[in-house]
Amino acid sequence: MHTAVTDLLGIDAPLVGFNRSPGVVAEVSRAGGLGVLAASAYSPAELDAQLTWIEQQVEGRPYGVDLLVPVTTAALRGSGDRATLAAGLRAQIPDEHVRFVEELLIRYDIPAGTPHEPDGELIANLDPSGVPALLDVVFAHPIALVANALGPPPPTLVERARAADVVVASLCGTPEHARRQLAAGVDLLIAQGTEAGGHTGTIATMVLTPEVVELAGDVPVLAAGGIATGRQMAAALALGAAGVWCGSVWLSSHEDISPVSVKRKFLAATSSDTVRSKVRTGKPSRQLRSAWHDEWEKEGSPAPLPLPLQPMLISDAWARIDEAADAGHEGALALESFFIGQVVGGFAELRPAGEIARTIIDGCATRLAELADLK
Ligand SMILES: Cc1cc2nc3c(=O)[nH]c(=O)nc-3n(C[C@H](O)[C@H](O)[C@H](O)COP(=O)(O)O)c2cc1C
């Protein structure tokens, strides 16, 4: 199956698989698509180890990396070292919010859990001084694609990618985002509709994809959001996309590293069971609806804080909920949730990631052949 994207990336089928689990990334690339590692959760040393492992698995096949190159916010400017940065941000969290989360955990009887370092990963992601080390690791590996998670890629990322002959991709949720990404010099646009898991806008993939294709000119477009089957992939190609970028579907794979309790809830969910909400990160993101959302939406509950204060407020609570839910704790299971798109309604069982990728690719080819037969 040849499109502008298979040529650009040197892959057999225009399917990109986004996930934070190296096992998923390797299997998607081995199946003929492109696996992309969500790298925002890893330190430079961890990322180096993950990328080395992926390379051993893919045996020369292309793969990519998705980064969260930090935004500089007013809160971060002139903040000094990471401990000072964390303390300064923590001081901005109102007592009302801290009490609300504490009382919620007490009401659901959530145990204390294993102590962990608060804010570590989060602050590392927000600290602009960590970027050069991260980019040094990324560009020391033979990646085929680099994507930036939030906003247009910064000039330093684009320059380093150009020098290393690496494709720069970027997600957009509106035509305006797409124009900004094109101005920043991206080689590949990802039009991500509201159906998607994770941070997402309000425009449906069906509407957004042709809008972005129209303004992208020669820059190829991947459709994202609501794509987990061959039929959906064929529909994306029919809309003018040169391929698809899938995220949620891999959470139904064996290789995905999400807590087992979350994956079980996904298998039982329908396509109506997601919610686009600020209660997890402070920015609207699609996730599985749970008692956590019901509690935040009740009258008298505080409004979610902006990023990064909301994740700082709740990160310890989520570590405790995930740990207790995995141990079968009833209250934790009621609260348990994670980022997921509307395609969750189609999850029937956990399967190997490579099998999922091949099923989507083969299903797309079948559907395209059926469409070609239409008179
Ligand atoms: C669990 C999860 C985490 C995500 N995290 C990120 C992220 O860190 N960076 C990013 O660029 N996109 C992220 N996304 C969005 C995906 O890149 C992708 O655009 C989206 O999943 C596509 O829609 P789908 O979920 O319907 O497949 C995430 C998606 C999911 C499901």
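Whatever order the structure lists them in is the order used to number ligands and atoms, beginning at 1. Worth knowing before you read on, the calculation uses all heavy atoms, side chains too, and leaves out hydrogens, waters and symmetry mates.
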Exercise for review: Specify the protein heavy atom at minimum distance from atom 22 (C) of ligand 1: its residue, its atom name, and the distance to 0.1 Å.
Suggested key: Gly225 N, 3.6 Å
Review point. When you check the gap from the basic side-chain N to the acidic O, do Glu323 and Arg320 get nearer than 4.0 Å?
Key: no
Review point. Relative to ligand 1, is Phe18 under 4.0 angstrom through side chain, backbone, both or neither, heavy atoms considered?
Key: side chain
**Study point:** Contact atoms of ligand 1, heavy-atom distance to Ala196 under 4.0 Å
**Key:** 20 (C), 22 (C), 23 (O), 24 (P), 25 (O), 26 (O)
Point to revise | Atoms in ligand 1 flagged as close to Cys246, the criterion being non-hydrogen separation under 4.0 Å | key: 27 (O)
Revision key, fill the gap. Ranked by distance from atom 31 (C) of ligand 1, the top protein heavy atom is Ser248 OG, 3.7 Å
Check your understanding: Heavy atom of Leu171 under 4.0 Å from ligand 1?
Key -> yes
Check your understanding: At the 4.0 Å heavy-atom cut-off, does Ala38 count as touching ligand 1?
Key -> no
Point to revise | Glu102 and Arg99 ion-paired at < 4.0 Å | key: no
Review point. What protein heavy atom is closest to atom 19 (O) of ligand 1, reported as residue, atom name and distance in Å?
Key: Gln192 OE1, 2.6 Å
Review point. Of the protein's non-hydrogen atoms, which lies at the shortest distance from atom 17 (O) of ligand 1, and what is that distance?
Key: Trp245 NE1, 2.9 Å
**Study point:** Short N or O distance, Gly226 and ligand 1, threshold 3.5 Å exclusive
**Key:** yes
Check your understanding: Do Arg264 and Asp326 sit within salt-bridge range, that is, some charged N less than 4.0 Å from a carboxylate O?
Key -> no
Exercise for review: State whether Glu295 and Lys298 are salt-bridged, where the test is any N-O pair (Lys NZ or Arg NE/NH1/NH2 against Asp/Glu carboxylate O) under 4.0 Å.
Suggested key: yes
**Study point:** Close N or O approach (Gly197, ligand 1; < 3.5 Å)
**Key:** yes
Study note, to complete from the structure: Closest to atom 21 (O) of ligand 1 among protein heavy atoms sits Gly247 CA, 3.2 Å
Review point. How would you list, by chain and number, every residue that makes a ring pair (Phe, Tyr, Trp, His ring centres under 6.0 Å) with Trp318, sequence neighbours excluded?
Key: Trp292
Check your understanding: For the residue pair His199 and Phe339, does the interplanar ring angle fall in the parallel (under 30°), tilted (30 to 60°) or perpendicular (over 60°) class?
Key -> tilted
Point to revise | Option with minimal heavy-atom separation from atom 9 (N) of ligand 1, where the choices are Ile340, Val16, Ile190, Asp66 | key: Asp66
Study note, to complete from the structure: Phe338 heavy atoms within 4.0 Å reach ligand 1 at atoms 1 (C)
Review point. Does any N or O in the side chain of Ser337 come within less than 3.5 Å of the main-chain N or O of Leu288, such that one atom is a donor and the other an acceptor?
Key: yes
Revision key, fill the gap. Sorted by chain and residue number, the side chain to side chain donor-acceptor pair (under 3.5 Å) partners of Asp12 (sequence neighbours excluded) come out as none
**Study point:** Those atoms of ligand 1 less than 4.0 Å from some heavy atom in Phe339
**Key:** 1 (C), 2 (C), 31 (C)
Exercise for review: Run the salt-bridge test on Arg367 and Glu370 with the 4.0 Å N-O cut-off and return the result as yes or no.
Suggested key: yes
Review point. Do Ser258 and Arg20 have a side chain donor and acceptor closer than 3.5 Å?
Key: yes
